[in-house]
Protein chains: 2
Amino acid sequence: MTDISKLGEFGLIHHLTDDIKIKNNATRYGIGDDCAVLHYPDKEVLVTSDMLMEGVHFDLTYIDLRHLGYKSAMVNISDIFAMNGTPRQLIVNLALSKRFTVEDMEAFYSGLRAACNKWNVDIVGGDTTSSYTGLAISITCIGEAEADKIVYRNGAKDTDLICVSGDLGAAYMGLQLLEREKSVYYQQVNEARKKNDQRALTALKDFQPDFAGKEYLLQRQLQPEARGDIIERLQTAHIQPTAMMDISDGLSSELLHICKQSHCGCRIYEKNLPIDYQTAVMAEELNLNVTTCALNGGEDYELLFTVPIGDHERIASLKDVKLIGHITQEAFGAQLITRDNNEFALTAQGWNPLQ
Amino acid sequence: MTDISKLGEFGLIHHLTDDIKIKNNATRYGIGDDCAVLHYPDKEVLVTSDMLMEGVHFDLTYIDLRHLGYKSAMVNISDIFAMNGTPRQLIVNLALSKRFTVEDMEAFYSGLRAACNKWNVDIVGGDTTSSYTGLAISITCIGEAEADKIVYRNGAKDTDLICVSGDLGAAYMGLQLLEREKSVYYQQVNEARKKNDQRALTALKDFQPDFAGKEYLLQRQLQPEARGDIIERLQTAHIQPTAMMDISDGLSSELLHICKQSHCGCRIYEKNLPIDYQTAVMAEELNLNVTTCALNGGEDYELLFTVPIGDHERIASLKDVKLIGHITQEAFGAQLITRDNNEFALTAQGWNPLQ
């Protein structure tokens, strides 16, 4: 393993970014000067940014650095799609403590680059520096869009249909699964220590967590995918959403953002929420309400959007998109209609990073 | 003092950014959606980014949060000027531990906004989240420039003149001063504790550091100014630099970047280095070589640039710009000519955040 101080700041950046090839015409100049230079004639430029702190947003006992790099890039790319834009450039700020090696950063960058390659995004700059405590990541993604195609959160209208892509709650279940296997591991370690059972302790070094049949949940947690494919499909089908967001904090929380900014209410139907089989099984195992998980789980990075009611047929025929309800007047509030026809007001139970 | 968790993430962001008015036509949409939306017809977009970690890049016993906000914004604005561009938007990512209050963040934002107001920069977004340990700041600044006006690091040519704005080494001396007063304070506290002198300990709560006659050094360290005024003056004088950088890591380090990327050498003259009177006095007091401080001090955020030799007269008449040497062929290396006519190879002693 190679100590990062051997390369120094400029050496490390050079090592990690030297063979990055620029893929977008809009990227005039990437890494290596005070700024990156981008060119956007007659397009709007979209910018989004995220801060990820070790211990708060990720736990390196659950996620390896390659997946972390992939996820860090993907969640920002997802925000550009959520405005109906095309992601183009990524800027990566990193602060690392001394426990990280050059090889660790290579793994992180390989994930970052895999995500960027998937959507033809150029890595154009950033700052790499040190931290006393763990890893801090700040990613900024830049994209482009035609002015009249951008979809904000504030355009939903009464009677619009509410749609989501993919399925919900699986990323949250993936996290529960990782936490369960971690606690199983530490329980066994503690028992072996109590009995001073050296043989068991040695065997535990090869501890294999039990993820059989739950691979999808893990993948959703560790390797989320931005839904650029849905954006392409909407375009092909000539559907222009009236409001759109990506689901990072949970469906309820995002839907309330749209209602607040669009000055409207909504009704969504429990029976229509798209939930994968593995999510349902895992919720059963953990004695959790699967609807609550789908509403408040977060980290699915699916798209939530509204379309005019006239697009009903076109939406119905769209692969991997589900109609979950409709927009109402503001006075009716944001309601969930349960399977047994009860109504509940939606509340934002989404994860609050400041509590 | 108000606990941040009382407001929550969205509440805090709303509280800090609610009354931000957009000043640039290019800023179509700021805070409040997945992305900010910018518009740049027929201009190049410039992007720069910095990561600042508590304990590594700043020490809150030296700098208050208002100054820290000001400085964080200013150093990024400075990078846009260093490409000969105009700064337009700023994105602010923050991660804070529980010891910070709403009032702390108000102070930080007031500094941030003062710096942005000075150069008509719009704050358009960012992420505010929590950290287990201290404060982490990531700032991205976006600007614009005409394609043929952008100045890179790689355009310096043999015989070009090397210029710097303002003076050098003062910010470094400001830091030495702050560190000296801090150690004086702790020395007195320790002595009082040893003698169990409660009266002295109480009196030390009102300890006043001795900054008399050194206000300029403090200001340079705590409140650096991006040299947009120099960019405007160069434009008015019809001078287009061939290479340019801002001096964040020290003159030597930056000059070596220009030489490396422009494939050239340089000769600079010790007697021409611009040094303020207070810097010289403080170096004397601390028994430091003032030239070394000017070469390697860093954090001055002055502009270092090269111009064709034909611009000699125009440069000579430019206020607050000093000619310090000239570019040579690569084979001659990067040399400092001392007052007594000795030659020394310049080395990058700039601060390395990864060591």
Side-chain angles (χ1 to χ4, degrees), chain A residues 4-5 7-9 12 28-29 32-42 44-51 53 55-57 79-80 82-83 85 89 91 93-95 124-134 136 138 140 142-143 145 147 150 152-154 245-246 261 352-355, chain B residues 4-5 7-9 12 28-29 32-42 44-51 53 55-57 79-80 82-83 85 89 91 93-95 124-134 136 138 140 142-143 145 147 150 152-154 245-246 261 352-355:
Chain A
I4 283 174
S5 66
L7 296 183
E9 182 188 0
L12 177 63
R28 294 290 159 93
Y29 197 91
D33 216 300
D34 299 289
C35 302
V37 181
L38 320 175
H39 183 67
Y40 289 98
D42 294 319
E44 309 291 307
V45 185
L46 304 172
V47 190
T48 181
S49 203
D50 260 323
M51 186 86 151
M53 304 294 287
V56 179
H57 302 90
D79 273 325
I80 302 284
M83 301 285 284
Q89 291 94 5
I91 292 150
N93 283 353
L94 291 178
V124 295
D127 194 12
T128 301
T129 190
S130 66
S131 137
Y132 277 129
T133 49
S138 171
T140 301
I142 297 169
I150 296 178
Y152 295 92
R153 299 174 178 180
N154 60 12
M245 287 183 75
D246 67 334
Q261 293 203 26
N352 185 341
L354 294 175
Q355 264 171 0
Chain B
I4 282 173
S5 65
L7 295 183
E9 181 188 1
L12 178 63
R28 294 291 158 94
Y29 197 93
D33 218 299
D34 300 288
C35 302
V37 181
L38 321 175
H39 183 66
Y40 289 99
D42 294 320
E44 309 291 306
V45 186
L46 303 173
V47 190
T48 180
S49 202
D50 258 324
M51 186 86 151
M53 305 294 288
V56 179
H57 302 89
D79 273 325
I80 301 283
M83 302 285 284
Q89 291 95 6
I91 292 152
N93 283 352
L94 292 176
V124 295
D127 194 13
T128 301
T129 190
S130 66
S131 136
Y132 278 129
T133 49
S138 171
T140 302
I142 296 168
I150 296 179
Y152 295 92
R153 298 175 179 180
N154 60 12
M245 286 183 75
D246 66 336
Q261 293 202 25
N352 184 340
L354 294 176
Q355 264 171 2

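All chains are named by letter (A, B, ...) in the order of the sequence lines, taking the proteins before the strands, and each is independently numbered beginning at 1.
- For Met53(A), the part lying near chain B is the side chain, with the backbone staying farther off; criterion is any non-hydrogen pair under 4.5 Å.
- Using a 4.5 Å cut-off between heavy atoms, Ile80(B) touches chain A through backbone and side chain atoms alike.
- Donor-acceptor pairing under 3.5 Å is recorded for the side chains of Asn93(A) and Ser49(B).
- With values rounded to the nearest 0.5 angstrom, Thr129(B) atom OG1 is found 9.0 Å from Asp50(A) atom CG.
- Contact check for Val47(A) versus Ile142(B): side-chain heavy atoms found under the 4.5 Å cut-off.
- Leu94(A) touches chain B through its backbone: at least one of N, CA, C or O sits under 4.5 Å from a heavy atom, while the side chain does not.
- Residues forming a ring-ring contact (aromatic ring centres under 6.0 Å, His included) with Tyr152(B) (at least two apart in sequence, or on another chain): Tyr29(A).
- Leu46(A) touches chain B through backbone and side chain together, each having a heavy atom under 4.5 Å away.
- The two residues Met83(B) and Cys35(A) come nearest to each other via the heavy atoms CG-SG, 3.5 Å.
- Between Met245(B) and Asp34(A) there is a side-chain heavy-atom pair separated by less than 4.5 Å.
- Of the residues considered (Asp42(B), Thr48(B), Asp246(B), Asp79(B)), Asp79(B) shows the highest number of contacts with chain A, using heavy-atom pairs under 4.5 Å.
- To the nearest 0.5 Å, the span separating NE2 on His57(B) from OG on Ser131(A) amounts to 9.5 Å.
- Atoms CG and OG, from Asp127(B) and Ser138(A) in turn, are 8.0 Å apart once rounded to the nearest 0.5 Å.
- Using a 4.5 Å cut-off between heavy atoms, Arg28(A) contacts chain B through its side chain alone, with no backbone atom that close.
- Heavy atoms closer than 4.5 Å to chain B are found nowhere in Gln89(A), neither backbone nor side chain.
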